[in-house]
Amino acid sequence: MTEAVIRVAGLGKSYETAAGLFPALKGVDLAIYPGEYIAIMGPSGSGKSTFMNLLGCLDTPSSGDYFLAGENVARMETDALARLRNRTLGFVFQGFNLLPRMSLQDNVALPLVYAGVDKHTRRERARELLDKVGLGKYAESLPNRISGGQQQRVAIARALVNKPRLILADEPTGNLDSHTSEEIMRLFGELNAEGITIVLVTHEADIAAHCKRQVRFRDGQLVSDLLTEAAV
Ligand code: ADP
């Protein structure tokens, strides 16, 4: 059987608050396989961001196990975990998170700087990805010269630059109008068709309808896990 890209078992996270420990995630089991396109849904406060932060290794669980590309994340040293994270995961955020004083090309190339890739290769690879998302001609522009939808395309190009197996996207259309959201979802659909696994948080049903599988959280628990019509 194919190995899961992500496997969590009994995953729990409690936050310390003035009122005591607050259990935001209560023992979640989930496996995500290569090529999946999955929406994480649920009302505000249900634990979606907490779950995504754990999947992105941005936070550590209070209980349970997390295997990323077969590796037990809890047992890894910080450097090894950073390397695994850089080569396995690409991140896309609601607010695009581009650096305002850097050209689009330099924004896209930034993860390659951390990966120790030489300047020439960085530039070529960034250009290639800007072309892929249809923005090659703006390579030298600053982020404030393009629209929000275009900025999100640049952020997706940046997420792809290390050739990750998996993209984690947290409300990627949350700041976009519905037409632009559809365009971004079409781009995710194309990337998934090329074999990239995508995990996307959304609370909008029409956005989640683009995904092939939908899991739903409520009060820190996974309450449903369904394939959609897009899966057939
Ligand atoms: P969602 O993304 O579905 O809106 P979150 O994962 O952000 O949900 O939050 C789940 C619950 O955990 C909420 O009740 C929230 O108030 C609480 N929570 C999130 N982060 C913290 C934190 N750092 N400290 C205390 N409570 C938190």
Side-chain angles (χ1 to χ4, degrees), residues 1-15 23-42 46-94 97 110-117 125 129 155-172 188 191-202 208 211-217 220-222 225 227 231:
M1 208 170 112
T2 324
E3 185 187 80
V5 195
I6 279 178
R7 181 185 297 282
V8 300
L11 197 71
K13 176 72 187 179
S14 295
Y15 294 109
L25 275 188
K26 305 168 186 165
V28 173
D29 300 314
L30 187 69
I32 300 174
Y33 290 91
E36 284 209 276
Y37 185 9
I38 178 168
I40 308 283
M41 306 184 70
S46 57
K48 304 183 298 295
S49 300
T50 300
F51 185 63
M52 287 295 265
N53 286 342
L54 295 178
L55 294 190
C57 309
L58 305 170
D59 201 356
T60 49
S62 313
S63 55
D65 286 312
Y66 174 22
F67 295 89
L68 174 60
E71 308 249 20
N72 188 339
V73 165
R75 301 246 170 84
M76 293 183 78
E77 301 289 334
T78 316
D79 287 357
L81 179 58
R83 277 198 301 278
L84 175 68
R85 192 170 158 254
N86 282 344
R87 67 164 195 269
T88 312
L89 302 176
F91 293 90
V92 177
F93 305 95
Q94 178 171 356
N97 298 15
L110 199 57
L112 296 175
V113 175
Y114 302 127
V117 174
R125 180 97 184 111
L129 281 160
I156 293 169
R158 180 184 56 190
L160 291 169
V161 81
N162 271 329
K163 303 186 179 160
R165 293 179 62 189
L166 182 83
I167 287 187
L168 296 177
D170 197 352
E171 299 273 8
F188 278 128
L191 297 174
N192 178 246
E194 290 172 16
I196 296 179
T197 311
I198 299 173
V199 182
L200 181 150
V201 168
T202 183
C211 301
K212 296 177 183 165
R213 182 180 171 196
Q214 298 176 350
V215 301
R216 197 173 290 273
F217 281 86
Q221 286 177 312
L222 211 156
D225 185 351
L227 293 180

request  = Using atom types as modelled and distance alone, determine if a side-chain donor or acceptor of K48 lies under 3.5 Å from a backbone N or O of G42.
outcome  = yes
key: Heavy-atom pair of closest approach, residues T50 and A24   = OG1-CB, 4.0 Å
ask   = Are V199 and I167 close enough that some pair of their side-chain heavy atoms sits under 4.5 Å apart?
value = no
query = What residues form a side chain to side chain donor-acceptor pair (under 3.5 Å) with R165, not counting sequence neighbours?
reply = none
key: Spatial distance of atom CD (Q94) from atom OG1 (T202) [nearest 0.5 Å]   = 9.5 Å
message = Please check: side-chain N/O of T197 versus main-chain N/O of G35, any donor-acceptor pairing under 3.5 Å?
response = yes
ask   = Can any side-chain N or O of R7 pair as donor or acceptor with the backbone N or O of G70 at less than 3.5 Å?
value = no
query = Is the closest side-chain heavy-atom distance between R125 and L112 below 4.5 Å?
reply = yes
message = K26: which residues meet the salt bridge (charged side-chain N to carboxylate O under 4.0 Å, His left out) condition with it, sequence neighbours left out?
response = none
task = Drop me the distance from D170's CG to F51's CZ, to the nearest 0.5 angstrom.
result = 12.0 Å
query = Looking at L25 and G47, what are the two nearest heavy atoms and their distance?
reply = CD2-O, 3.8 Å
ask   = Step by step, would you call R158 with N97 a side-chain contact (heavy atoms from CB on, under 4.5 Å)?
value = CA-CA 10 Å; R158 180 184 56 190; N97 298 15; 4.1 Å; yes
task = First locate atom OH of Y33, then atom CD1 of I38, and finally report the distance between them rounded to the nearest 0.5 Å.
result = 11.5 Å
task = Applying side-chain contact (heavy atoms from CB on, under 4.5 Å), run through N192 and F188 and close with a yes or a no.
result = CA-CA 6 Å; N192 178 246; F188 278 128; over 6 Å; no
ask   = From L55 CG over to L30 CG, what is the distance, rounded to the nearest 0.5 angstrom?
value = 8.0 Å
query = Is there side-chain contact between R87 and N162, with at least one heavy-atom pair below 4.5 Å?
reply = no
message = Rounded at 0.5 Å granularity, tell me how far CD1 in I198 sits from SG in C211.
response = 8.0 Å
note = Nearest heavy-atom contact between A157 and L129 is O-CD1, 3.7 Å
query = Going through the distances and angles, do I196 and L160 end up as a side-chain contact (heavy atoms from CB on, under 4.5 Å)?
reply = CA-CA 9 Å; I196 296 179; L160 291 169; 3.4 Å; yes
inquiry  = Contact between P164 and L89 at the side-chain level, heavy atoms closer than 4.5 Å - yes or no?
reply    = no
query = Looking at L11 and P61, what are the two nearest heavy atoms and their distance?
reply = CD1-CB, 3.6 Å
task = Could you grab the distance from atom CD1 of I32 to atom CD1 of I40, nearest 0.5 Å is fine?
result = 5.5 Å
Minimum heavy-atom distance M76-L81, with the two atoms named = CE-N, 3.9 Å
message = Is there a side-chain contact (heavy atoms from CB on, under 4.5 Å) between F91 and R85? Walk through the geometry before answering.
response = CA-CA 10 Å; F91 293 90; R85 192 170 158 254; 3.6 Å; yes
ask   = Applying side chain to side chain donor-acceptor pair (under 3.5 Å), which residue pairs with at least one partner in residues 57-84 are found, sequence neighbours left out?
value = K13-D59
note = When every non-hydrogen atom of L222 is compared with those of D29, the smallest separation belongs to CD1-O, 3.8 Å
